[in-house]
Protein chains: 2
Amino acid sequence: MDFELFERLAHDAMRSSHAIVAFVSCEVSYSGRAETFLERGDRILLVKPDRSVLIHQPSGSVPVNYMKGGSELSLERGEGRIVLHAAHKAERAWLDVSVFAVHGALSQRLEDAQRLDLAGNERDMSDWIRDNPRCIGEGFRPIAREEQTDVGFIDVFGHDGSGTLVVVECKRVTASLSAVDQLRRYVERVKRARGTQQVRGVLAAPAITPNALEMLASLGFAFCRVDPPKRLERWARDQKRLGEF
Amino acid sequence: MDFELFERLAHDAMRSSHAIVAFVSCEVSYSGRAETFLERGDRILLVKPDRSVLIHQPSGSVPVNYMKGGSELSLERGEGRIVLHAAHKAERAWLDVSVFAVHGALSQRLEDAQRLDLAGNERDMSDWIRDNPRCIGEGFRPIAREEQTDVGFIDVFGHDGSGTLVVVECKRVTASLSAVDQLRRYVERVKRARGTQQVRGVLAAPAITPNALEMLASLGFAFCRVDPPKRLERWARDQKRLGEF
DNA sequence: GGGGAGAGATGCCGC
DNA sequence: GCGGCATTTCTCCCC
């Protein structure tokens, strides 16, 4: 595919809000939050109708360069190349993609009003703890979930029935030192705000690293093993793999 | 484009390690770290030679669903659909893309041996502080950079000339509460390891949030304004935008 | 392989 | 818009 075809495709796609995908040989420069340069190679270029730009190398699931939606886009014809400029003034970011060859390109108008339905996040987990308080301790009584403080929100807040306040921090994956930091910050804030030293800290997660457990113990907090709930997990069970490549 | 063509393209691409891009109408199910479902709509499907899979909606710069490289891929023909299965046993993750229509598709062999060259990250910043210690304080003497402890590494470690140890934590963006937590953890660790209370904590960043500054002060630590160095920032200055769409 | 932390993190929600 | 934080975070580095 030559430059003229690519240029016309890109122009038409931009005008009519199509998405563009292209296999190109290119080099890439970026300046914004950092400065990057990527020498010439074959990549996948993706331009969406919201004027976001993605550049993917042949390996890896993360784009090597990108611009968020809302960029100003322009094409410039150079010597033996065509340059896609993307400028995001609000973010003070610039991306230049110098395309030396176009191996193939497509554009398409896309219709999609759907939103992702997700189960098994941390909010589901704190919901579950609120509805199953016994997992935290025999007398645990939840008062609030996602209680706002000025240093962040407490996942589950309650008391143990004998007047002692309980702060629960949830993690849906193995808890690390930063989770203990977070819990400590909330407990200190509650102690100060309520004028009491009677505040227990509980870290609820499926697992915890040894260092985090040691720090937790040194602060007098408790670990409580809880797995994140996955409400839709039936569908993938016992699925059969047919037509293996 | 019909299913037979798409199926043949996909088969051939898999066999010869091509990348595939396609505009498809599809629904998507994922089960792994969480469970997700996405109802039918038009999306961009990307399958790379490393067997990573990306699904992009028309908007946004982040894929709505994905699988990392190393998945097992298979195609299954169903009623009015063709299903791409991706299974990652090590991660216990499964992705099913049910394709109802193929608006267009391409495959291509890609050659790319280049790696991204980046300037302006936090390591550049701690390098710069080590080489320009006066920015931390008049008598600051750096000893080590990225000093390893069992609770993380200290960005810059030194003393102030009068025997007091100094721990510097760098952030390349506005420092928040978690940066203060990190600094506190390192200072406590150094106090314990060296058996002294004479340890100063310094947070170096271009800015700091009010809450973080308050917590920093309450711990007796200091803030020090430092901007991250960008060594390649010349290229993007004064660039002209030609051929605006 | 696990732990810890940075990332051009991104995106969401609450104030 | 800022602040705080989860993320199917991802990736890198070091032990």
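Keep in mind that this is a model prediction, so the values were computed, not measured. Throughout, protein chains are lettered first and strands after them, A, B, ... in sequence-line order, and every chain is numbered starting at 1. Quick note: numbers below take in every heavy atom, side chains included, and nothing from hydrogens, waters or symmetry partners.
Spacing between atom CD of B/E147 and atom P of D/dC13 amounts to 19 Å, rounded to whole angstrom units. Counting to the nearest Å, the C1' atom of C/dG6 and the CD1 atom of B/I154 are 17 Å from each other. Summarising the geometry, the separation between CZ on A/R184 and P on D/dG4 is reported as 17 Å, rounded to the nearest angstrom. Atom CD in A/Q182 sits about 11 Å away from atom P in D/dT7, given to the nearest Å. Between the CD atom of B/E122 and the P atom of D/dC13 there is a distance of 14 Å, given to the nearest Å. In this entry the distance linking CH2 of A/W94 with P of C/dG8 reads 18 Å, nearest Å. Atom CG of A/N65 and atom P of D/dC10 are 19 Å apart (whole Å). Between B/D96 atom CG and D/dT8 atom P there is a gap of 18 Å when expressed in whole angstrom units.
Contact record, B/D155 with B/C170: OD2-N, 2.7 Å, taken as the closest heavy-atom pair. Minimum heavy-atom separation, B/A175 to B/A212: O-CB, 3.9 Å. B/L38 and A/Q114 get closest at one heavy-atom pair: CD1-CB, 4.0 Å. Of all heavy-atom pairs spanning A/D181 and B/Q182, the tightest one is OD2-N, 4.5 Å.
Rounding to the nearest 0.5 Å places CD of A/E76 at 9.5 Å from CZ of A/R81. Of the inter-residue distances, the one linking A/K48 atom NZ with A/K68 atom NZ reads 14.0 Å to the nearest 0.5 angstrom.
If you take atom P in C/dG4 and the same atom in D/dT8, they sit 22 Å apart, rounded to whole Å. Rounded to whole Å, the C1' atom of C/dT10 lies 14 Å from the corresponding atom of C/dG6. As rounded to the nearest Å, D/dT7 and C/dA5 have C1' atoms that lie 15 Å from one another.
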So which protein nitrogen or oxygen atoms get under 3.5 Å of nucleotides 10-14 of chain C's nitrogens or oxygens?
residue: C/dT10; atom: OP1; partner: A/R33; partner atom: NH2; Å: 2.8
residue: C/dT10; atom: OP1; partner: A/Y66; partner atom: OH; Å: 3.3
residue: C/dT10; atom: OP2; partner: A/R33; partner atom: NH1; Å: 3.4
residue: C/dT10; atom: OP2; partner: A/R33; partner atom: NH2; Å: 2.1
residue: C/dG11; atom: OP1; partner: B/S61; partner atom: OG; Å: 3.2

Between the protein and nucleotides 2-4 of chain C, list every N/O to N/O distance that falls short of 3.5 Å.
residue: C/dG4; atom: OP1; partner: A/N211; partner atom: ND2; Å: 2.4
residue: C/dG4; atom: OP2; partner: A/T209; partner atom: OG1; Å: 2.9
residue: C/dG4; atom: O3'; partner: B/V151; partner atom: O; Å: 3.4

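You won't find any donor-acceptor pair under 3.5 Å spanning the side chain of A/N121 and the base of D/dT8, going by distance alone.
Residues B/L54 and B/I44 have side chains not in contact (no heavy-atom distance under 4.5 Å, counting atoms from C-beta outward). When side chains are defined from C-beta on, A/I55 does not count as touching A/P63, because their heavy atoms never get closer than 4.5 Å.
Using the Watson-Crick or G-U wobble rule with both distances under 3.5 Å, C/dG8 pairs with nothing in any strand shown.
Using a 4.0 Å heavy-atom cutoff across all strands shown, A/E169 reaches sugar-phosphate atoms only and no base atom.
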Query raised in the report: Between B/H56 and B/L46, is a side chain to side chain contact (heavy atoms under 4.5 Å, CB included) present by the stated rule, with each step listed?
Result: CA-CA 8 Å; B/H56 275 271; B/L46 177 52; 5.6 Å; no
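Between A/E147 and A/R189, none of the side-chain N atoms (NZ, or NE/NH1/NH2) sits under 4.0 Å from a carboxylate O, so this pair counts as no salt bridge.
Each of A/V64 and A/S178 was matched to the nucleotide of DNA chain C holding its nearest heavy atom; the match closer to the 5' end belongs to A/S178.
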